[in-house]
Colleague: 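Just dropping this structure here.
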Amino acid sequence: MLPTVAGIVLFIMSVAILVTAVRAVIGPTVSDRIVALDTIGINLIGFIAVIMLIQDTIAYAEVVLVIAILAFIGSVAIAKFVEGGVVLDRDRH
Amino acid sequence: MTEIVISIFLLVGASLSLLGAIGIVRFPDVYGRLHAATKSATLGVISIISGVFLYFLWIDGIVVGKLLLTIIFVFLTAPVAAFMIGRSAYNTGVKMWGNTQQDDLADAMRKQKKENQQ
């Protein structure tokens, strides 16, 4: 039962990532693209977790964690860059 | 029984992720899309990772602490990332949807600018 459910879940997640990629391509502003790419990163975490379940290995646990960290840092960095052109600033009021 | 519980976790997570993706395409402006993206996608991924954690706990008998760490990390950082994206969108002047009724931040920023000039 579980491999069938995992296959269905993988299919649904791929459809979700595909639909989000459409917004990343056609997004009118840069912020739309940042939102879409951040969501693709978060969906990728769930995708790899389901692949862990299918292959019955815990070798990808680090991969999941690192992708979570990179998605967060990338989103924050691009948001700061779009806002002011400076990624690390100390005295913004 | 355990397979049924794990399957429910996985299917709920996948459905929430799909709903978030549909919301990202269908909502009219950036702020609505942020609303769709952060809530449903985050909860969906947390549900999927919980299902995978329960699978390894019940069937293989392994406690994968990194998956728990990932749940906590996503739960903490997704709102922060959404806040940064929303603030940068507002500061760079991204227009709201035409039917938006209320913009409290514009009043607050206007008042603060007036105070700074005095």
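Keep in mind it's a predicted model, so treat the numbers as computed, not measured. Below, chains carry the letters A, B, ... as their sequence lines are ordered, and counting in each starts from 1.
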Colleague: Looking only at heavy atoms, what is the nearest atom pair of A:A49 and B:I49, with distance?
Modeller: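 Looks like CB-CG1, 4.2 Å.
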
Colleague: Under 4.5 Å, counting heavy-atom pairs only, tell me which of B:A89, B:A41, B:S7, B:A37 racks up the most with chain A.
Modeller: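 Counting heavy-atom pairs under 4.5 Å, the top option is B:S7.
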
Colleague: Please find the pair of heavy atoms, one from A:V19 and one from B:I22, that lie closest to each other, and give the distance.
Modeller: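 In this case the closest contact between A:V19 and B:I22 is CG1-N, 4.4 Å.
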
Colleague: What part of A:I69 gets closer than 4.5 Å to chain B, counting heavy atoms only: side chain, backbone, both or neither?
Modeller: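 Both backbone and side chain.
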
Colleague: Does any heavy atom of chain B fall under 4.5 Å from the side chain of A:T57, the backbone, both, or neither of them?
Modeller: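 When you check distances to chain B, only backbone atoms of A:T57 fall under 4.5 Å.
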
Colleague: Among B:L11, B:D29, B:V64, single out the residue with the greatest number of heavy-atom pairs under 4.5 Å to chain A.
Modeller: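 Most heavy-atom pairs under 4.5 Å with chain A: B:L11.
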
Colleague: With chain A as the partner, which of B:A81, B:A82, B:G86 has the greatest number of non-hydrogen pairs under 4.5 Å?
Modeller: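 That would be B:A81.
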
Colleague: Which atom names give the shortest non-hydrogen contact between B:F27 and A:R23, and what distance separates them?
Modeller: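 Heavy atoms only, the tightest pair is O-NH2, 4.4 Å.
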
Colleague: Test side chain to side chain contact (heavy atoms under 4.5 Å, CB included) on B:N91 and A:V82; report intermediate values, then the result.
Modeller: CA-CA 9 Å; B:N91 281 338; A:V82 167; over 6 Å; no

Colleague: Relative to chain A, which segment of B:T92 carries a heavy atom at a distance below 4.5 Å: side chain, backbone, both, or neither?
Modeller: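 Side chain only.
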
Colleague: Only pairs of heavy atoms separated by less than 4.5 Å count here; which of B:V80, B:D60, B:V74 has the most with chain A?
Modeller: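 Option with the top pair count is B:D60.
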
Colleague: Could you point out which residue of A:L53, A:V50, A:I45, A:I48 forms a side-chain contact (heavy atoms from CB on, under 4.5 Å) with B:I48?
Modeller: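 Among the candidates, only A:V50 passes.
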
Colleague: As an exercise: rank B:T77, B:V52, B:L10 by heavy-atom pairs under 4.5 Å with chain A and give me the winner.
Modeller: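 Heavy-atom pairs under 4.5 Å are most numerous for B:T77.
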
Colleague: B:L67 versus chain A, heavy atoms under 4.5 Å apart: side chain, backbone, both or neither?
Modeller: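 Contact with chain A involves the side chain of B:L67 alone.
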
Colleague: Considering non-hydrogen atoms only, spot the tightest contact between A:I42 and B:V45 and give its length.
Modeller: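 Closest heavy-atom pair between A:I42 and B:V45: O-CG2, 3.1 Å.
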
Colleague: Before you tell me yes or no, could you show the steps for B:M84 and A:S75 under side chain to side chain contact (heavy atoms under 4.5 Å, CB included), namely the whole-Å CA-CA distance, both residues' side-chain angles and the distance that decides it to 0.1 Å?
Modeller: CA-CA 8 Å; B:M84 296 296 293; A:S75 302; over 6 Å; no

Colleague: Within a reach of under 6.0 Å around OH of A:Y60, are more than 12 heavy atoms found that belong to other residues, nucleotides or ligands?
Modeller: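 No, because the 6.0 Å sphere around OH of A:Y60 holds 12 heavy atoms or fewer from other groups.
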
Colleague: Which atoms of B:V25 are under 4.5 Å from chain A, going by heavy atoms: the side chain, the backbone, both sets, or neither?
Modeller: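 Looking at B:V25, backbone and side chain both touch chain A.
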
Colleague: Do you know which of B:S88, B:A21, B:S17 has the most heavy-atom pairs under 4.5 Å to chain A?
Modeller: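 Among B:S88, B:A21, B:S17, the one with the most close pairs to chain A is B:S88.
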
Colleague: Does any part of the side chain of A:M52, heavy atoms only, come nearer than 4.5 Å to the side chain of B:Y55, both counted from C-beta?
Modeller: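 Sidechains of A:M52 and B:Y55: no contact.
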
Colleague: Determine whether B:L68 and A:L65 fall in the same hydrophobic cluster, where Ile, Leu, Val, Met, Phe, Trp and Tyr are linked whenever their side-chain heavy atoms lie under 4.5 Å apart.
Modeller: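 No; A:L65 is not reachable from B:L68 via cluster members.
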
Colleague: Determine whether B:R33 and A:D32 satisfy the following criterion, side chain to side chain contact (heavy atoms under 4.5 Å, CB included), listing intermediate values before the conclusion.
Modeller: CA-CA 8 Å; B:R33 284 172 202 144; A:D32 287 308; 2.3 Å; yes

Colleague: Quick check: do B:T38 and A:T39 have side-chain heavy atoms less than 4.5 Å from each other?
Modeller: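 A side-chain contact is absent here, since even the closest heavy-atom pair is not under 4.5 Å.
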
Colleague: Answer with side chain, backbone, both or neither: which region of B:I4 has an atom nearer than 4.5 Å to a non-hydrogen atom of chain A?
Modeller: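 Answer is both: backbone and side chain atoms of B:I4 are under 4.5 Å from chain A.
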
Colleague: For A:M13, which atoms come within 4.5 Å of any heavy atom of chain B: side chain, backbone, both, or neither?
Modeller: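 The side chain, not the backbone.
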
